[in-house]
Amino acid sequence: MRMKSLLHYTEHHRYYTYRDFSLSNLDERMLSLVYQPMVGTSAIALYRLLTQHLPAEQTGYSKPEPQRGLFLTLGIEPNDRGRTVMVENASKLEAVGLLQTHRLYVPEQDQYMYEYELQQPLPPSDFFATQHLTLLLRDRIGKFAVLALQERFWSGEPEEFRELGRAAKENISQPFYEIFELNTHVIDYELEQALSEASPARRQSKNMPVEDPLFDYSDVILHFPRGARNRQFVEALRHNREQMGMINHVARKFDLNVEDIVRLLDEEGIFSNDGELMLDNLQNRANLTFRQTAKRTEERQVRAARVIRPEEPETANDMPVEHAVEMEYYLEVPAQFQSKCDIHQYNMLLRNEPYTGLLRNFFPGTVPGPWLDMFSKIDLSYKLPGEVINVLIHYLVTLLGKDGDQRISRNFVDSIASNMLLRQIDTYEKAVRYIRDQNNPKRQAAPQNGSRARAQGKAARGKPELPIVQNTPVQTAVSDEEFAEYVRLAEQRKASKNTPRS
């Protein structure tokens, strides 16, 4: 918990808790035997008290209350020393991953409100696989005690099963879609809206990205120069979570660090005269920085390849789960992805991944510059949504897979993007319907039939057809008498030509 002044954290400030889990017997044992030696009894008591603000059979938010109840329940005096103890306990819980603390500014009351977001304790398998937590526990209780604890949480495999080996094990489980069949052709919009409105999960703002922030306001203002021209506008971001979310989204989309963001925020045209963040200008300049960084990285890799063999790129296995895709709009997995993910993961990738990340998954090395140029123009100039651009990339890759001689040119891609703009294709579902319509063989045969009909109509409106003489007598072979007569006439004509005129 970063706290510059203890006056910002007193017993008079209100707080509320949030948790989306319930403690099990295994979690309670992990808290007592593993987490308590690392953070102390007082910190674990604070964690247990915060989890009890909601009944064990419920998840969600608790009612806002003054923090005086926390101090008195834990037996901590509401003074400077007690506030220091509370901040230290919360910081220890945050460090080991049991708590996340957020501070909200309430303009009407001109004070802060605190949110304690509780995290579930790690299961034994995940905890002992985390190196820094295991080393901290070793420093607290010793190496042999850590090994003994691991044995207490684990029940080993019987010897008779171990001798059979892993090769004899066969997975005969049935997946969901082989047992159950969903009626995806009938979409119940009322049910989806009701579920989203009453969802127990935390709802995000419409204009804020769903990703976890790369950095917060303190990271930006710490690196921002004091005498910069946009210093006052950046300081105004302290209470503007929406604009900070937009900045984090741009940084994640174009692989920017906090130094790059600070440099971009200090340029002209990023903020309006009223201090409003100009998102389009920020994205354009972030894209230029991304392209320059990619070009320098490619040059470094080429130089390093002459000396050191480059390592194979790692495969990203973590798939985003922000927006679900209806099975009605599933697209087939291209050949490049069949060994990496299944059809469900691939469609989630198309729906949620930025186009820059999707292109990196298609190419084993650096993404070629012409491809980045084409889709950067579509993103920044044409303003097509990210999921629509991903569907367009899938369509182009599918064309290359069907026809090996097919070449993707800039004009061809621009024509498809222009058609999408004219048809007002701005959602993932509309884009899927569009490319399915393009791949429909009946639609491709329709122009040929229409052109034939137009040709026939044009012939009907042209010059009238002339009648053709029918029943023409067939020429038969010449008889001997007729042939002799022809020869005689030819000799007479030849003799008349050779006779001199008087």
Side-chain angles (χ1 to χ4, degrees), residues 1-9 13 87 90-91 94-95 97 99-107 110-117 119 202-294 296-297 320 322 352-354 356-357 376 379-380 386:
M1 182 184 294
R2 299 186 181 96
M3 195 63 57
K4 296 181 179 180
S5 175
L6 292 178
L7 296 178
H8 296 163
Y9 187 85
H13 288 88
V87 171
S91 300
E94 295 163 1
L99 180 67
Q100 286 188 6
T101 308
H102 305 276
R103 186 169 61 182
L104 292 79
Y105 178 73
V106 183
D110 193 20
Q111 65 177 0
Y112 291 107
M113 178 184 293
Y114 290 89
E115 177 193 69
Y116 298 107
E117 181 180 351
Q119 305 293 328
R202 308 191 71 174
R203 292 188 291 270
Q204 299 284 343
S205 175
K206 294 182 179 180
N207 297 326
M208 291 187 62
V210 296
E211 305 99 342
D212 294 333
L214 295 176
F215 39 79
D216 53 11
Y217 166 78
S218 61
D219 298 325
V220 177
I221 201 64
L222 181 64
H223 295 80
F224 208 87
R226 291 185 176 275
R229 69 188 76 175
N230 293 335
R231 174 79 182 194
Q232 56 178 345
F233 300 143
V234 175
E235 290 178 351
L237 296 175
R238 180 177 184 178
H239 306 304
N240 196 331
R241 298 182 61 188
E242 183 175 353
Q243 290 191 2
M244 281 300 302
M246 294 161 61
I247 293 174
N248 276 278
H249 177 68
V250 173
R252 185 183 298 274
K253 181 177 181 180
F254 295 103
D255 290 337
L256 303 180
N257 53 27
V258 64
E259 289 80 7
D260 296 331
I261 287 295
V262 167
R263 181 179 56 81
L264 293 176
L265 292 179
D266 194 31
E267 295 183 0
E268 294 183 358
I270 298 299
F271 292 95
S272 63
N273 296 331
D274 300 332
E276 190 72 18
L277 180 67
M278 308 296 291
L279 181 59
D280 294 340
N281 295 342
L282 180 61
Q283 285 201 97
N284 287 327
R285 301 185 187 185
N287 178 59
L288 294 177
T289 303
F290 171 74
R291 293 300 313 282
Q292 294 173 359
T293 305
R296 290 194 296 266
T297 304
E322 288 85 1
N352 300 283
E353 185 75 8
T356 52
S376 297
D379 177 32
L380 303 176

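- The shortest non-hydrogen separation linking Ile270 to Leu264 is CG1-O, 3.0 Å.
- Taking each heavy atom of Gln243 and Gly275 in turn, the nearest pair found is OE1-O, 4.3 Å.
- Here Val258 pairs with Phe215, Asp219, His223, Val262 under the side-chain contact (heavy atoms from CB on, under 4.5 Å) rule; sequence neighbours left out.
- Asn240 is not listed as a side-chain neighbour of Leu277, based on a closest heavy-atom distance of 4.5 Å or more.
- Partners of Arg226 by salt bridge (Lys or Arg N to Asp or Glu O under 4.0 Å), not counting sequence neighbours: none found.
- When atom types are taken as modelled, the side chain of Glu94 and the backbone of Met1 share a donor-acceptor pair closer than 3.5 angstrom.
- Residues satisfying the side-chain contact (heavy atoms from CB on, under 4.5 Å) test with Ala228, not counting sequence neighbours, are Phe224, Pro225, Asp266.
- Judged by distance alone, with hydrogens and angles left aside, the side-chain atoms of Thr356 form no donor-acceptor pair with the main-chain N or O of Phe254 at under 3.5 Å.
- Salt bridge annotation for Arg263-Glu267: present, with a cationic side-chain nitrogen under 4.0 angstrom from a carboxylate oxygen.
- Within 6.0 Å of CD on Glu268 lie no more than 12 heavy atoms contributed by other residues, nucleotides or ligands.
- Taking 4.5 Å as the limit, every side-chain heavy atom of Leu104 sits out of range of all side-chain heavy atoms of Tyr114.
- Tyr105 OH to Met113 CE: the interatomic distance, rounded to the nearest 0.5 Å, is 13.0 Å.
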- Evaluation steps, side-chain contact (heavy atoms from CB on, under 4.5 Å), between Val250 and Leu279: CA-CA 9 Å; Val250 173; Leu279 181 59; 3.8 Å; yes

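- Scored by the side-chain contact (heavy atoms from CB on, under 4.5 Å) test, Phe233 finds Asn230, Phe271 as partners (sequence neighbours excluded).
- The side-chain contact (heavy atoms from CB on, under 4.5 Å) test applied to Asp255 returns Phe290, Arg360, not counting sequence neighbours.
- Between atom CG of residue Leu256 and atom OG1 of residue Thr293 there is a gap of 7.0 Å, rounded to the nearest 0.5 Å.
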- Query: Does the side-chain contact (heavy atoms from CB on, under 4.5 Å) test come out yes or no for Arg2 and Arg103, once each step is laid out?
  - Reply: CA-CA 10 Å; Arg2 299 186 181 96; Arg103 186 169 61 182; over 6 Å; no

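- Interatomic distance, CD1 of Ile247 versus NE2 of His249, reported as 12.5 Å (0.5 Å rounding).
- Of the inter-residue distances, the one linking Asn281 atom CG with Asn284 atom CG reads 6.5 Å to the nearest 0.5 angstrom.
- Closest of all the heavy-atom pairs between Ser91 and Val87 is OG-O, 2.7 Å.
- Two residues are said to be in side-chain contact when any heavy atoms from C-beta on lie closer than 4.5 Å; Tyr116 and Thr101 meet this criterion.
- Shown here are the salt bridge (Lys or Arg N to Asp or Glu O under 4.0 Å) partners of Arg291, two or more places apart in sequence or in another chain: Asp373.
- In summary, the side chains of Ser376 and Asn287 do present a donor paired with an acceptor at a separation below 3.5 Å, with no hydrogens or angles considered.
- Contact check for Gln119 versus Glu117: side-chain heavy atoms found under the 4.5 Å cut-off.
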